[in-house]
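This report concerns only the one structure given below.
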Amino acid sequence: MSETTPASGAAEAATEPFRYGAALAAEIESRWQDLWEKEGTFNAPNPAGPLAEGADVTAKPHSFIMDMFPYPSGSGLHVGHPLGYIATDVYARYQRMTGHNVLHTLGYDAFGLPAEQYAVTHGIHPRVSTEDNIANMRRQLRRLGLGHDSRRSISTIDPDYYRWTQWIFLQIFNSWYDEAAGKARPIAELIASFESSEREVPGGRDWASLSGVERDEVLSEYRLAYAKEVPVNWCPGLGTVLANEEVTADGRSERGNFPVFKSNLRQWMMRITAYADRLIDDLDLLDWPEAIKLQQRNWIGRSEGARVDFAVGEDNITVFTTRPDTLFGATYMVLAPEHGLVDTVVPAAWPAGIPEAWTGGAATPAEAVAAYRATAAAKSDVERQVEAKVKTGVFTGAYATNPVSGEQVPVFIADYVLMGYGTGAIMAVPAHDHRDFAFARAFGLPMRCVVEPTDGRGEDPAAWDDAFDTYDSVIVNSAQGDLSLDGLRVVDAKARVTAWLTERGIGEGTVNFRLRDWLFSRQRYWGEPFPIVYDEDGAMHALPESMLPVEVPEVDDFSPHTYDADDAASTPKTPLSRNEDWVSVELDLGDGVKTYRRETNTMPNWAGSCWYELRYVDPVNSAKVVDPANEAYWMGPTADKPAGGVDLYVGGAEHAVLHLLYARFWHKVLHDLGHVSSVEPFHKLFNQGMITADVFRDDRGFPVPAAEVEEIDDEFFWNGEKVRREAGKMGKSLKNAIAPDEFADQYGADTLRLYEMSMGPLDVSRPWDARAVVGSFRFLQRLWRNIVSETTGELVVTEEEPDEATLRALHKTIDGMRGDMAGLRFNTAVAKAIELNNHLVKRGSTPRAVAEQIVLLVAPLAPHVAEELWRRLGHEQSLAFADYPVADPAYVVDETVTCVVQIKGKVKARLEVAPSISDADLEALALADPAVVAAIGDAPVRKVIARAPKLVNIVTG
RNA sequence: GCCGGGUUGGUGGAACGGCAUACACGAUCGCCUCAAAAGCGAUUGCCUGAAAGGGCUUGCGGGUUCGAAUCCCGCACCCGGCACCA
């Protein structure tokens, strides 16, 4: 049962000591890795600051290439992880060889849940375990030969880094969004306008007379970062609150899969909604996959509509609707159970003659409302989802006035209306909305058809099975007094009714977003502390820049305070609050030394990844977050990237709306405040696919170690037991992970790089095939053998002039590979290199000139072996900055091309012709060809299409 | 339910509207070897045929075109996202 072992055996080494095998590859690879490190080959000079090198680099074109920030996982890497890192490295090396100043590095996103959970389960302090993990990951990645600028490899847990994360938080905290200016401005300017009475203080109060806490409350309504009691996603199983983006569609935590409950808690929020429009509009400036742009647009969820006031007694209930044209069809209203006006509108007793079903069996409206609220609040998000089909609710006892028809319509509360969207209140148009239709049927509410059905169902909703919902029809039954919408198309009717409402001051056209403000605090130990303290009155104070960083304190117990996963009534406790010595602090914030209490929440782990691209640019700047000269050079807007940003950003599609939205938001705030010239952080985004692998499961469905499975006649066995194969993610839990170290021991890093790049297009997922790897290995072996003798180690290249066929093959390869490299099509680039190499194998010898070119061609893909061959070919300098080969156009075209002759679209003959042949000559040649003459027979030729020099198509009758 | 993306040999995948299946794996045969592994060489879409040859093929069904894997319409299946958002 001998396992196959590659060409690294001792016996082979004796006969062919200079063959490119695992041992030689390992020796070459570590030698070049050491050399690159020693010489700082991949250090990219900055225009200004400590990383500048004297010479002016601004004249040189820049290329800023990034991978998405990894978490330093405790279990180490498997071969699926570095796919993107290898791709960016290949591209970066190609860019370097085409004259670009290339910034490429990799830092570590080391705060947050995964790092903390690893530390808790292993009983080690998170800083210790994370730093170990980072060291291990650096070691693993170094073996792959990634050309990173190590001086720029920052880590989010480094106080010198999170000092700036906290500084940016303060920038955001100390800003407000000026709608009139369309951008963020310093909060000091708002305060000044309150003080001078230029701007009225909400509630008409006098700014000078407000207490600190009262001022906090006013400013909280403006600040871009604010603390407020809000309904949030509380996850008892994790012991923390979560952002909407971190909760899955079925109401569970994305991490850990615990139930999530709605709970009203005082939390930190980021006013990302202020940027909703700009976050949508600026997508047009970016070179991103359309699918990702679409996901962001959908997540932000811009909808145009109108606000309309419905009078209820003395009060007004304002609703948001996207269909104001159906206002005449609004036959009832619904408020979210938590809506603030519910208590105000509820009368003391039920009106006479209402259906039993409306009261929920309660004696008074107040009781009915209270009972319904209680049941609604006890539901988890999961239950809400499951019960979504069944509409529940209760009548409030109140009636509102439909502002266009003047009709009295009943007001309900129901949990199908969400407090967090629009105004938390709707006008229900059951005839033309599926949800309202279901509710109206359940409660026996009237319906009125106001959009003419186009499917022949008639205008009586009583006979319908569901609502009729379309934009493509005309309005009917909608006239009263001076307003008539009858006969108008939907779009025109909207405009007419909106104008009518606006004139009377009972409505206006408006835009609403699905996007909510970003919940920014977590009840965690392992995160950035907020640079915020509270005085004895509870008023909030931002710490001055000089007091940053606020370091994560040492505590005995850093574990989160978790609860039973289903304990909805529990409330979060912050780990940092355990440490009274740290929480209570004496500070002089301008009016003498006083005692303050620190904010004990921490930031979510997205914080550190919201701005790391900026720090890559200027990693050791202690005076500024980033020097404007450096930011402008690497990221500033240019003709090719109108919003500026990183030139290429490669990572998984799973960050479509989390990281990528948050980072764009922070970047825009920093832009508004004048800290960066770029408007967007990432110009070109590329989503790489995943590497999947076979998973083998036994009868019970448990995965068995894939490495130990044997294949016998298309069946699979583990320990003699038959197992079944399926596809899955590569990873520890499915027992199918392959470590890159293990792989490099067998074949070398160059083979791994080449194999991963040749598996398929970078953006699709593909299965790992352990057997197929040998193909990439063989290619390198053959390349080596074409240049170096396996028995003597001497060069075997010849000094002859390359023949014309070889030159044509070479230049076609150069031409193709350049295009493939620039377009990130590495799989076809590898195929072209292999073809050229196969040509040289067949040829029997390799002219030196061709050897040098092919070495340069494959250098970005397999840099170690390329450097080694380059050195052996007599070059003393690294090829990292050598010029990538340029194709000679004279050799890119063939001397003769094969022209196919089709008869009615079927290939019947082939002709060897000059590429310059004319259509007419080609046609004559084709018609004279004996095979063509035979195939045509005596059928009349109707038409001949000649496309010189490749094709002639003859159409016969 | 809505919105995206996909479906090409035994496998991963190539193919400006113009030779479908590049390149690689696997498989078969051969060379080398005492032997095996590794390496090297040849063959390899499917059907039919002794062969020459012939026929059929890009998920399915239509359409546009001299010509469609590629463009358009409809359908099936797979993957991803959103989901009571008014």
Side-chain angles (χ1 to χ4, degrees), chain A residues 2-9 11-12 15-16 19 21 248-250 289-295 297-299 301 303 305 319-323 326 334 384-385 387-391 414-418 420-429 433-436 438-439 512-516 653-654 656-657 714 754-755 758-761 763-779 781-782 785 790 825 827-835 838 841-842 898-907 909-910 942-947 950-956:
Chain A
S2 64
E3 284 296 310
T4 55
T5 40
S8 59
E12 167 245 304
T15 53
E16 282 157 343
R19 168 176 288 187
T248 60
D250 57 348
E290 273 312 310
I292 300 288
K293 289 189 183 183
L294 206 74
Q295 275 188 59
R297 285 196 192 99
N298 290 344
W299 187 263
S303 36
V319 302
F320 172 73
T321 176
T322 56
R323 292 295 300 270
T326 62
V334 184
R384 239 173 238 241
Q385 298 284 341
E387 293 165 16
K389 292 141 256 163
V390 188
K391 295 281 178 289
D415 65 359
Y416 84 93
V417 172
L418 309 174
Y421 184 78
T423 60
I426 63 155
M427 63 176 217
V429 185
D433 180 282
H434 302 288
R435 297 150 301 180
D436 296 344
F439 189 86
N512 206 23
F513 295 94
R514 201 189 83 106
L515 182 73
R516 315 289 163 81
E654 67 274 16
V657 289
D714 293 333
L754 208 57
Y755 175 62
S758 61
M759 289 168 83
D763 56 352
V764 297
S765 294
R766 71 298 293 279
W768 181 265
D769 181 356
R771 291 183 308 191
V773 165
V774 72
S776 301
F777 187 61
R778 282 180 194 149
F779 163 60
Q781 237 170 19
R782 274 177 236 179
R785 190 154 51 224
E790 292 187 337
R825 294 185 300 270
N827 54 327
T828 51
V830 172
K832 290 179 174 92
I834 292 174
E835 279 183 280
N838 288 350
V841 170
K842 279 216 167 66
T898 307
C899 170
V900 297
V901 184
Q902 299 175 334
I903 293 175
K904 295 209 284 190
K906 304 257 181 229
V907 179
R910 292 183 167 82
R942 283 207 181 177
K943 190 170 180 183
V944 179
I945 296 104
R947 289 282 179 277
K950 302 270 281 195
L951 176 127
V952 178
N953 191 10
I954 298 163
V955 187
T956 56

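Throughout, protein chains are lettered first and strands after them, A, B, ... in sequence-line order, and every chain is numbered starting at 1.
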C1' spacing across the pair B:rG59 / B:rC79, given as an integer number of angstrom: 15 Å
Integer angstrom distance from the P of B:rG13 to that of B:rG49: 34 Å
Pairwise side-chain contact, A:Ile292 with A:Glu290, heavy-atom cut-off 4.5 Å (strictly under): no
Minimal non-hydrogen separation, A:Arg782 against A:Val841, with atom names: CD-CG2, 4.2 Å
Nucleotides 12-17 of chain B: protein proximity per nucleotide (B base, S sugar-phosphate only, - neither; heavy atom, under 4.0 Å): SSSS--
Touch class at under 4.0 angstrom, heavy-atom based, for A:Leu294 against every strand present: sugar-phosphate
Euclidean distance for P, B:rU21 against B:rU43 (whole angstrom): 15 Å
Minimum-distance nucleotide (side-chain atoms of A:Arg19 versus B:rG39, B:rA83, B:rA22): B:rG39
Those residues that, when tested against A:Lys950, pass salt bridge (Lys or Arg N to Asp or Glu O under 4.0 Å) (two or more places apart): none
Rounded P spacing from B:rC60 to B:rA76 in Å: 15 Å
From CZ (A:Arg778) to CG (A:Leu754), nearest 0.5 Å: 13.5 Å
OP1 or OP2 of B:rC40 under 4.0 Å from side-chain N/O of A:Arg785: yes
Taking only nitrogen or oxygen atoms into account, show me every contact under 3.5 Å that the protein makes with nucleotides 64-70 of chain B, one pair per line with its distance.
from: B:rC66; atom 1: O2; to: A:Asn953; atom 2: ND2; distance (Å): 2.5

Beyond-backbone contact of A:Thr326 with A:Met427, side-chain heavy atoms, under 4.5 angstrom: yes
Between B:rU8 and B:rC56 - P atom distance, rounded Å: 22 Å
Shortest side-chain distance from A:Val774, nucleotide among B:rA83, B:rA86, B:rG39: B:rG39
Touch class at under 4.0 angstrom, heavy-atom based, for A:Val944 against every strand present: nothing
Integer-rounded Å distance: B:rC84 C1' and A:Phe439 CZ: 12 Å
Closest contact, heavy atoms only, A:Ala656 versus A:Gln295: CB-OE1, 3.4 Å
Spacing of A:Arg782 atom CZ relative to B:rG39 atom C1', expressed in whole Å: 10 Å
From B:rC25, B:rC19, B:rA24, nucleotide with atom closest to A:Ile834 side chain: B:rA24
For A:Trp299, all residues meeting ring pair (Phe, Tyr, Trp, His ring centres under 6.0 Å), sequence neighbours excluded: none
Set of salt bridge (Lys or Arg N to Asp or Glu O under 4.0 Å) partners for A:Asp436, sequence neighbours left out: none
By side-chain hydrogen bond (donor to acceptor under 3.5 Å, both in side chains) - contacts of A:Arg771 (at least two apart): none
Phosphate OP1/OP2 of B:rA22: any A:Asn838 side-chain N/O under 4.0 Å: no
Spacing of the C1' atoms in B:rA15 and B:rU57 (rounded, Å): 16 Å
Distance below 4.0 Å between A:Arg771 side-chain N/O and B:rG10 OP1 or OP2: no
Whole-Å P distance, B:rC19 and B:rC71: 16 Å
Whole-Å gap separating P (B:rG80) and CG (A:Asp763): 16 Å
All side-chain hydrogen bond (donor to acceptor under 3.5 Å, both in side chains) counterparts of A:Ser303, not counting sequence neighbours: A:Tyr421
Euclidean distance, atom CD1 of residue A:Ile903 to atom P of B:rC19 [Å, nearest integer]: 16 Å
Chi-angle category of B:rG9 [syn within 90° of 0, anti beyond]: syn
Sugar-phosphate, base or nothing in reach of A:Lys391, heavy atoms under 4.0 Å: base
Sugar-phosphate only, base, or nothing, as touched by A:Ala831 at under 4.0 Å among non-hydrogen atoms: base
Partner residues of A:Tyr416 under the ring pair (Phe, Tyr, Trp, His ring centres under 6.0 Å) criterion, sequence neighbours left out: A:Phe439
Euclidean distance, atom CH2 of residue A:Trp768 to atom C1' of B:rC25 [Å, nearest integer]: 13 Å
Closest to the A:Val900 side chain, choosing from B:rC19, B:rA86, B:rC82: B:rC19
Gap between atoms OH and P, on A:Tyr755 and B:rC23 respectively (whole Å): 18 Å
Which residues share a salt bridge (Lys or Arg N to Asp or Glu O under 4.0 Å) with A:Arg785, sequence neighbours left out: A:Glu790
side-chain N/O A:Arg297 vs B:rC82 OP1/OP2, d < 4.0 Å: no
Watson-Crick and G-U pairing of RNA chain B written in dot-bracket, each distance under 3.5 angstrom, with | for inter-strand partners: (((((((..(((.....[....)))((((((.......))))))((((....))))..(((((..]....))))))))))))....
Listed nucleotide nearest any side-chain atom of A:Thr321, set B:rA86, B:rA83, B:rC25: B:rA86
Sugar-phosphate only, base, or nothing, as touched by A:Val841 at under 4.0 Å among non-hydrogen atoms: sugar-phosphate
Pairwise C1' distance, B:rU70 and B:rG18 [rounded to whole Å]: 11 Å
Nearest-nucleotide comparison on RNA chain B, the residue closer to the 5′ end among A:Val830 and A:Arg516: A:Val830
Non-hydrogen atoms of A:Val901 and A:Ile954 that approach each other most closely: CG1-CD1, 3.9 Å
Whole-Å distance separating the OH atom of A:Tyr421 from the P atom of B:rA83: 13 Å
Set of side-chain contact (heavy atoms from CB on, under 4.5 Å) partners for A:Ser758, sequence neighbours left out: A:Tyr755, A:Ser776, A:Val830
Any residue meeting salt bridge (Lys or Arg N to Asp or Glu O under 4.0 Å) with A:Lys832, in chain and number order, not counting sequence neighbours: A:Asp820
Separation of B:rG39 C1' from A:Phe779 CZ (nearest whole Å): 17 Å
Side chain of A:Glu835 - closest among B:rC25, B:rA22, B:rC3: B:rA22
